[in-house]
Every structure is written in C-alpha cells, then in structure tokens.
Amino acid sequence: MQNLLHNLNPEQLAAVTLPSQSALILAGAGSGKTRVLTTRIAWLIQTGQISPAGVLAVTFTNKAAKEMMSRLSAMLPMNIRGMWIGTFHGLCNRLLRAHYRDAALPQSFQILDTQDQLSMIKRMLKALNIDDEKYPPRNLMYFINGAKDDGLRAQDIDAHDEYNRRFVELYDIYDQQCQREGVVDFAELLLRTYELLSRNQPLREHYQQRFRHILVDEFQDTNNLQYNWLKLLAGRDNAVFAVGDDDQSIYAFRGANVGNMAAFEREFSVQNLIKLEQNYRSHGYILDAANTLIANNAKRLGKNLRTDAGHGEPIRVYEATSDLQEANWIIEESKSLIAEGASRSEIAVLYRSNAQSRVIEHALFSAGIPYRVYGGQRFFERAEIKHAIAYLQLIDNPHNDSAFLRVVNFPARGIGARSLEGLQDVARQRRCSLHDAVAHVPGRPGTLLTNFVKLIDDVRAETALLSLPEMVQVMLDNSGLITHYRSEREGADRVENLEQLVAAASQFISEEGFGRGTPALQGPSAEAVAGQAIVNADGVEIVDADAPLTLVMSPLSAFLSHASLEAGDNQAQAGQDAMQLMTVHAAKGLEFDAVFITGLEEGLFPHENSDKAEGGVEEARRLMYVAITRARRRLYLSFSQTRMLHGQTRFNIKSRFFDELPEEALKWLSPKVQHHWFASQPRAAWADTPSKQPALASSTELGWRIGQTVLHQKFGEGVIVNIEGGGGNARASINFGPNGMKLLDLTIAKLEKVA
DNA sequence: ACCCCGTTTATTTTT
DNA sequence: TAAACGGGGT
C-alpha cells in the first residue's frame, strides 16, 4: 500500500484517499489523471473498503478502458475481472444482454452503427414516400439522436410546428422499425438501459447496492443522458468519483455538456473538489501559453497549471505565405529535430480539419519522411468487413433488414432493385421483416430470394456446433465473398482483410474467456444462469449481468457487439518510426516531445462557424488549449496568408489566439508585420486566374489588391479577399477575422494599408 | 444490372 | 480539389 501511494503529490494523494462520498477532481492536462483514477480503485480495494465487484468505472473510449485495466492489473495482485470497467455503451450493452426480457429486446438484438442508422432512415423515408429534400435523412438522424441524448421518446416531445411534428412522427416510426428488426442504435443502448433501470425498481436497487463506487473518466464529455444514467445508478448513497477538465471540453458539438460538472457538484452534494494543477508534462513556456490563453474564457471552474520544469525552449511561430510553404517549413524544422536526435514518432503535426493533412502529407512524402495519419478508416468499417459482418448478423438475427439489404445481392445473385422494392412492399404490408416477407414473393424474384434465405439458414445449421472462427470461415466460403474478391482486380487486400476477420474472431473468443471450442451460437447455459441468479428481498429473481460475457451472450452475439462498439484500429503502418499527423481532437489525451499546431488562421482556427455557435469561440479556445498542452518540450505554431480550400485560394489573417498568448514565450521566426507575399512576387498568385484580371486592373488603379492587409478604424485589421467592380464602383470583401467579413466600397471606406 | 457522369458539398468524432 | 451521391442512359 505504501507502494501504491508512494510517488503521489499532495493533491493526488488527497484525491486517491478521499472518503466514500461523491467527489469532483478537476484534473488539468498532464496532471496524472489516469494515475489518480486507477490508484483510487486500487486503494479502495487494498484497504478493504470495497471488493472488485463493487467497482464501476466508466470511460468514453475503449482505449481508455483498456488503459485502465492494464494499469490496474499491474497494481493489484488479483484478477480484476470482477470489476466493471468499460465505456458507457459497452456497459449498457452488457446490462441489456443480461436483462433483455425486461428491456423488451430479443436476446440477439444487434447494434446499428452510424452508417447503418443513416441507411435505415433513408430506407424508411423512401418507403413512406417522404421528400428527402424537405426532410434530409441526416437531419432526422440528428433529431432522433439528439432527442435520445436528452432522454426523450417521441411522445415526450412537444412539437410547435408542422415541420417538427413530422420529425417527431418519423422518430416514432423509426423506433418501431428498430424494434421490429431487433436492432438498437448507439443512443438507444443508453436510453434503453436508463429506462430499464428507472422502471424496474428491484433491478435498479440490485445494481445500486452492488456498485458502491462509481468512477467516471473525462466527465466534461458526458451528455445529459449519460449524466442522468450515472445519477440513477448512483442512487442516494453511492460515491461517484468524477474526474474531468472543463478546459478540455471540446465535444459540445456532439452533445457533451460541460454544465454537467457544475450540476454534479450541486446535485451530488460534492464536499470535496480537488484540483490537480501540477503538470508533469510540459516545459514552462508551453504551460504559460496554455494558462494565458485559457484565461480568456469566461465560463471556467478555474485552474492554473504549474510545473517544476524550467521555461524550456520558446514557442516558435512561423508565418507562411502559402499552405505549401507552411508544409515545407514543418519539414525543415522536423528534419533538424530528427538530426538533433528526436525520434519521428515524438513529433506530431496537428491541424483543425482533416483536409489540411493533404499538403503536409505531400510534402512529407516528397521529403521521404515516414508519417502516419490518424483517423482513417478502421477495420470493422471497411466495406468487405461490413459485408461479412452482415452475413453473421443474419445468422444471429435474420430480422435485421439493414444486414439483409447489404448482402442480399452481394455478391450479385440477380436480385435487383425491382425485386427488392417488391419485397419491401410485402414486408410493409405484413409488418414483418424482409426475411419473413420472402416466402410471400411470387415468381422468379421469389425463388432467388428464397435461395438467399436458404443460404443463410444453411450456414446457420451447418455451423451451429462450430466455434466462432470456424463459423466465420464457413460463412466466408459459402457466401461467395472470398470468391468474389479473389476474382476482382484489386481484391487481394480485401481477401486478406477477410482472412484477418477469422483471426480477429479467434483472438476475441480467447480474450473474452469463451472456451476455444464453444459453439458460436451457444447462449448462456441454464446452470450458468442459475448460478448467477439472485433473489432480492421482494422475492424477485434477478440475473446479474456479471462478467464474464460468457454468461450473458453467445460468442457470436458478443463478437457482433464487439464489431459495432469497437470499430478497431485505424489502419497504420505500425512499427515504423513515423511522424504523427492528426486533428487536434484526435490528439486529446496524447503527448509528444514536439508539436506543430498548424493553420492558425481566422476562419479555420477558430473555425468560421465558431463565431456563429453559442459558446463556439470558447470551445475553439479550449481546443487550442488542448493542442498546446500536448507538447512536452517543443511547440511550433504556424499560419499562412493563403490556403487552398475547396479548390479555391483563400486569404487569411492570423488567428486571434496569437493575441492571447504571452509575448515573452514566443519567438517569431518570420517578421510579424512586414512584407506580404504579394509585395515580393506580385504576379505569381493570379497568373493562372485570368478571370480576376479586370478587377485587379481596376483595383490596382486605386492601389488595392487581393491579399492586401488593411486597417479599418471600426473593424480593425483585415485582409482583402475579393474585389469586384472597378473605377468609382470598386468594392472589396474584407475578412476582419473576429469582426467578420465585410463588403466595403473602396472609394468610400476609410482604409489604411498595413505594410 | 451496371456504369458513367454531372451535381453537390465540404469542422471537429466516439460509441 | 475531391469524394460521394443520385439520376439517367445503355
């Protein structure tokens, strides 16, 4: 135990050893957040305050959950299987599997990912003959997910106009369709569990009594439903240990509510708020920059990072004339870092949006520097894998129409759109699944469809006693998927991926503790279930959704859940010592010796949409804060006067965030206010855009040019983005950054040129 | 049933 | 720019 608490600083120690009450830990970047979280669990167990089964730890990502588990198993000399550590969705899945009857779901319900959900909505709109211009599927999806995230069912929503009434109506129809198919979307996993526990008192009390300690990671990212879910599970007596950082809240756009931190303090009567402000990651100048920047946010719980490390290197700032030049500068700097002995994987290039990676990738490629881009397609998202998964889904639950449609004619079986429309009509009339409708389709389409259904049924029958990997193999062979991709010109990779799926299945069953030979379709045995049965005080029998998974679902169901909930690694040239390219969002939680934050321009970072959204600029500032605090020793900031965006050259001014950083921490590598690109090479930029010539001719008479930086007494500094008209009629679009884009008459407006 | 070509649209993303 | 989608033609 001494060992356990040994190297903690006073605040960390205080947090780890708090009494069993709800507490809020404000954990700054690099302050040892995960360490506190895991040590807290280990300490509770070692001091005998709780048994592993009494611990519930919730994270947002599978990665974070795995990290916690591996740290815990290093800390504790025991099997940590009894602990519930997982993502909100993973834990809900487990609960719903164990209590599927109470939750009114089929035992083999399946999970729709975002793609599946959208295609299902499209299908529904089409079937109802609804104009998808007027009711865009995407909007409906956001509406549905937003409602679910707020805990609302269709009947709970008051629509004030015709348009919204329609949305509500469609939401209701969508839910009914999901129910018929036995599928749930991501938000549904949470909402269904919430409803299950709130309606079923014995069940709720059972879990409330079990989980005396609930620990939550990244609390600032919780949405309203997750917050209420925690509140429900915590009941009145349990201790919720919430760890988060309001300054790193960057997911409001997907429903995260930072306000949950303040609400938590109030509603869970938090006696102990501990701030972890000692930073173990970054050098002084870097932290100064982060602190100074974030102080510009008004809505904060308040926190200031400090370090024992010295100032370190100043933050280098570079102003490029073009995105291309910016990229080349990154390469030059990286080369010298590498020459000084830095390893490539310790250098990260961050950007606001994915599109920005192109130029940088191109430059890195030309320079022959290995790199890795985060955020590509992941294993279970690949088309061929999704097809294979769809076959498996049909074996497990033939009523999953999304899966049915995905593969009914893939590989081609002569079942075209026409036949499928007919089938869908029959299914709608009979209010049944496509699978069940097949028997009622006459003629040749009927025969072909029947053959398809028979194919699925045969694989199911043939593999009923086989293990999961064996089943996957048979499915691949019998479905014709492998044959199909073998005959395709560029199918070799896909065949290889499909073979990897067998390996993935094999790895999965051994990791999750299913016996090697357990039949893929074998559900929990009656005795196993009986062994888990608990009779509560009211005489109600409850089966606890306890680990391992083997007790609540079949290997196949478990594997399919896994495929939906854990999309797998985004493919990477792993092993190589490569530079790391990613969005700022993707960088959250990571750290690097050297970090480049690129594209620091008005309109991009902060993004132009940030100005419009409520609290958008503060969120953008937090994003910048996250970016800065990724760096350990070296930080580079860059922006460019011009940038190619959507096939057009955009003229930008530097981000307002530069004005919010401490001057003494920065070292400007290029002159701050000096010649712009057009001064030295006036022709180059528009040589290939003849259309702009007339405007330029007229504007040059007046002395104005696109790209010119100007000063307006009211709007401040801006850049001329476009000039239209000529002579006495010349007007210019000027980007004044924080003050927006203005269209000004050049003959009237009082503008000063900034050199 | 499939392919081609024009149109449209472009933050951030985990589950 | 470029990728994804949908309509229409073969």
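Values below: every heavy atom of this structure, side chains too, minus hydrogens, waters and symmetry copies. Per chain, numbering begins at 1; letters A, B, ... match sequence-line order.
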Novice: What's the gap between B/dT12 and C/dC5 when it is taken at their C1' atoms, as a whole Å value?
Specialist: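 These two C1' atoms come out 23 Å apart once rounded.
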Novice: Within the 4.0 Å heavy-atom criterion, would you say A/Ile415 contacts the bases, only the backbone, or no part of the nucleic acid?
Specialist: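 Since only primed, P, OP1 and OP2 atoms lie under 4.0 Å of A/Ile415, the category is sugar-phosphate.
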Novice: Among residues at least two apart in sequence or on other chains, which ones pass side chain to side chain contact (heavy atoms under 4.5 Å, CB included) with A/Glu384?
Specialist: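 By the side chain to side chain contact (heavy atoms under 4.5 Å, CB included) rule, A/Glu384 matches A/Arg382, A/Tyr485, A/Arg494, A/Asn497, A/Leu498.
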Novice: Stepwise, does the side chain to side chain contact (heavy atoms under 4.5 Å, CB included) test hold for A/Gln115 with A/Lys386?
Specialist: CA-CA 10 Å; A/Gln115 271 179 52; A/Lys386 292 220 71 165; 3.7 Å; yes
Novice: Look up atom CE in A/Met83 and atom CG in A/Leu56, then write down how far apart they are to the nearest 0.5 Å.
Specialist: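 Reported to 0.5 Å precision, the distance equals 11.5 Å.
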Novice: If I pick the C1' atom on B/dT11 and the same atom on C/dG6, what distance separates them, to the nearest angstrom?
Specialist: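 Rounded to whole Å, the distance is 25 Å.
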Novice: Set out, line by line, the N/O atom pairs under 3.5 Å between protein and nucleotides 3-6 of chain B.
Specialist:
none

Novice: As an exercise, state the distance from CZ of A/Phe559 to CD1 of A/Ile389, rounded to the nearest 0.5 Å.
Specialist: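 Rounded to the nearest 0.5 Å, the CZ-CD1 separation comes out at 5.0 Å.
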Novice: Using the C1' atom as the point on both nucleotides, what is the distance between C/dA3 and B/dT14, in whole Å?
Specialist: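 It works out to 23 Å between them.
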Novice: With no hydrogens and no angle check, just 3.5 Å: does a side-chain donor-acceptor pair link A/Gln110 and A/Asn400?
Specialist: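 Checked: A/Gln110/A/Asn400 side chains pair up, N/O donor to acceptor below 3.5 Å.
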Novice: For A/Asp396 and A/Ser108, test the side chains for any donor-to-acceptor distance below 3.5 angstrom and give the result as yes or no.
Specialist: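 A/Asp396 vs A/Ser108: no donor-acceptor pair found between side chains.
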Novice: Generate the contact string for nucleotides 8-15 of chain B. Rules: B means base contact, S means sugar-phosphate contact only, - means no protein heavy atom under 4.0 Å.
Specialist: --BBBBBB
Novice: Just wondering, more than 12 heavy atoms not from A/Arg444 lying within 6.0 Å of its CZ?
Specialist: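 Open: at most 12 neighbouring heavy atoms sit under 6.0 Å from CZ of A/Arg444.
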Novice: Not counting sequence neighbours, which residues clear side chain to side chain contact (heavy atoms under 4.5 Å, CB included) with A/Asp323? List them please.
Specialist: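 If we apply the side chain to side chain contact (heavy atoms under 4.5 Å, CB included) test to A/Asp323, skipping adjacent residues, the hits are A/Val359, A/Arg643, A/Met644.
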Novice: Which part of the nucleic acid, if any, lies within contact of A/Arg418, taking any heavy atom under 4.0 Å across all strands shown: a base, the sugar-phosphate backbone alone, or nothing?
Specialist: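 Here A/Arg418 touches no strand at all.
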Novice: Taking heavy atoms of chain A and a 4.0 Å limit, find me the 5'-most and 3'-most nucleotide of DNA chain C within that range.
Specialist: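 Boundary nucleotides touching chain A, in 5' to 3' order, are C/dT1 to C/dA2.
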Novice: Can A/Asn257 and A/Asn223 be counted as having a side-chain donor-acceptor contact under 3.5 angstrom?
Specialist: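 A/Asn223 and A/Asn257 do not have a side-chain donor-acceptor pair below 3.5 Å.
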Novice: Is the shortest distance from a Lys or Arg side-chain nitrogen in A/Arg656 or A/Glu660 to a carboxylate oxygen in the other one below 4.0 Å?
Specialist: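 The answer is no: the pair does not qualify as a salt bridge.
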Novice: Give the table of side-chain donor-acceptor pairs shorter than 3.5 Å for residues 406-419 of chain A, with sequence neighbours excluded, one pair per line with atom names and distance.
Specialist:
from, atom 1, to, atom 2, distance (Å)
A/Asn409, OD1, A/Arg413, N, 2.5
A/Asn409, OD1, A/Gly414, N, 3.3
A/Asn409, OD1, A/Ile415, N, 3.2
A/Asn409, ND2, A/Ile415, O, 3.0
A/Arg413, NH1, A/Tyr391, OH, 3.3
A/Arg413, NH1, A/Val407, O, 2.8
A/Arg413, NH1, A/Val408, O, 3.0
A/Arg413, NH2, A/Tyr391, OH, 2.6
A/Arg413, NH2, A/Ser479, O, 3.2

